[in-house]
Amino acid sequence: EAGVAQSPRYKIIEKRQSVAFWCNPISGHATLYWYQQILGQGPKLLIQFQNNGVVDDSQLPKDRFSAERLKGVDSTLKIQPAKLEDSAVYLCASSSRGDSSYNEQFFGPGTRLTVL
Amino acid sequence: GQQVMQIPQYQHVQEGEDFTTYCNSSTTLSNIQWYKQRPGGHPVFLIQLVKSGEVKKQKRLTFQFGEAKKNSSLHITATQTTDVGTYFCAGIYGNKLVFGAGTILRVKS
């Protein structure tokens, strides 16, 4: 079974530029998550999708971050414009959550973003 | 908002010694999950605890969920160099999942 795919693996941009990350979850997984992990900290949930609907985006900085999962499969996360404090690893995860309880999350390798 | 506190932040042990990390929440959790992240890697699911007072074992790893469902622990018996990494708990509050800051484990051979 193929795992969660993410691209790019690394990205370096200057502040105020835009950047986009792509995630393809495990086939059949209805739930997709985007996390931000700053060095030395635990992953922080940015947005959670159930199929193509948003379940939770309470911690997404909506003035600069946006995410979509149009066909309920792959997803993109965009930052526009980037700030220095956005430097982090952006992790995508998916799970086969089918009811009200949480299932195991499978994480992708992440995209390491450096904002200069 | 909901927060899970993890202690210690960092532990350096001699190979063969035991290791324990603790996770605490000020409010009752629905479930709790544990993940391991190797240096440079991504989090990998270890286990989920659901019931009050639950204890689960995976070889040398023992996971416990408190009676009040506000705390949890992960204990590793006789650490090996392959155990190095950061161990995260992730507390589930209804439909929200919140990660702790993690405990970094280093094992000296």
Side-chain angles (χ1 to χ4, degrees), chain A residues 1-7 9-10 21 23-26 29-50 53-60 88-113, chain B residues 1-11 21-25 28-51 54 56 58 63 65 69 72 74 85-106:
Chain A
E1 177 183 78
V4 176
Q6 287 189 251
S7 67
R9 292 295 310 277
Y10 305 91
F21 313 125
C23 172
N24 193 24
I26 291 173
H29 279 192
T31 309
L32 185 148
Y33 312 81
W34 281 103
Y35 290 91
Q36 179 193 59
Q37 187 173 26
I38 292 171
L39 188 64
Q41 297 182 18
K44 174 183 140 185
L45 180 67
L46 293 175
I47 190 166
Q48 177 184 341
F49 291 96
Q50 179 79 7
V54 175
V55 174
D56 182 2
D57 64 356
S58 56
Q59 297 194 94
L60 187 74
V89 175
Y90 290 84
L91 294 162
C92 178
S94 70
S95 72
S96 60
R97 177 182 173 187
D99 55 22
S100 60
S101 62
Y102 272 79
N103 293 329
E104 171 183 356
Q105 292 187 46
F106 294 84
F107 283 82
T111 297
R112 183 176 298 276
L113 174 67
Chain B
Q2 291 97 347
Q3 251 189 329
V4 286
M5 306 301 294
Q6 233 182 305
I7 55 170
Q9 274 189 297
Y10 180 86
Q11 190 148 11
T21 173
Y22 301 90
C23 189
N24 296 292
S25 169
T28 303
L29 297 160
S30 303
N31 309 330
I32 194 160
Q33 296 178 346
W34 285 92
Y35 290 81
K36 176 184 178 181
Q37 187 172 24
R38 292 183 184 275
H42 55 274
V44 174
F45 177 84
L46 294 175
I47 207 157
Q48 175 162 259
L49 304 173
V50 177
K51 298 176 185 173
E54 189 169 16
K56 286 189 176 179
Q58 289 179 351
F63 304 84
F65 204 5
K69 298 184 78 174
S72 181
L74 158 59
T86 303
Y87 292 85
F88 293 100
C89 63
I92 298 163
Y93 303 88
N95 63 351
K96 278 191 174 298
L97 186 145
V98 178
F99 275 83
T103 296
I104 300 170
L105 172 64
R106 292 289 177 258

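A note on names: the letters A, B, ... follow the listed sequences, proteins ahead of strands, and every chain is numbered from 1.
A 6.0 Å sphere centred on CD of Q41(A) holds more than 12 heavy atoms belonging to other residues, nucleotides or ligands. More than 12 heavy atoms of other shown residues, nucleotides or ligands fall within 6.0 angstrom of atom CZ in R106(B). Residue Y93(B) qualifies as enclosed at atom OH: its count of foreign heavy atoms under 6.0 Å is above 12. Within 6.0 Å of atom OH in Y10(A), 12 or fewer heavy atoms from other residues, nucleotides or ligands are found, so the atom counts as exposed in its surroundings.
Contact count against chain A (heavy-atom pairs under 4.5 Å) is highest for I92(B) among I104(B), V98(B), L46(B), I92(B).
Using a 4.5 Å cut-off between heavy atoms, Q37(B) touches chain A through its side chain atoms alone. Both the backbone and the side chain of L97(B) come within contact range of chain A, each with at least one heavy atom under 4.5 Å from a heavy atom of that chain. Only the side chain of Q37(A) has a heavy atom closer than 4.5 Å to any heavy atom of chain B. Heavy atoms of Q105(A) lying under 4.5 Å from chain B belong to its backbone as well as its side chain.
For F99(B), the ring pair (Phe, Tyr, Trp, His ring centres under 6.0 Å) test picks out Y35(A), Y35(B), with sequence neighbours left out. Every ring pair (Phe, Tyr, Trp, His ring centres under 6.0 Å) that F21(A) has, sequence neighbours left out, goes to Y90(A).
Of all the heavy atoms in Q33(B) and N103(A), the pair that sits closest is NE2-O, 3.3 Å. G42(A) and F88(B) get closest at one heavy-atom pair: CA-CE2, 3.3 Å.
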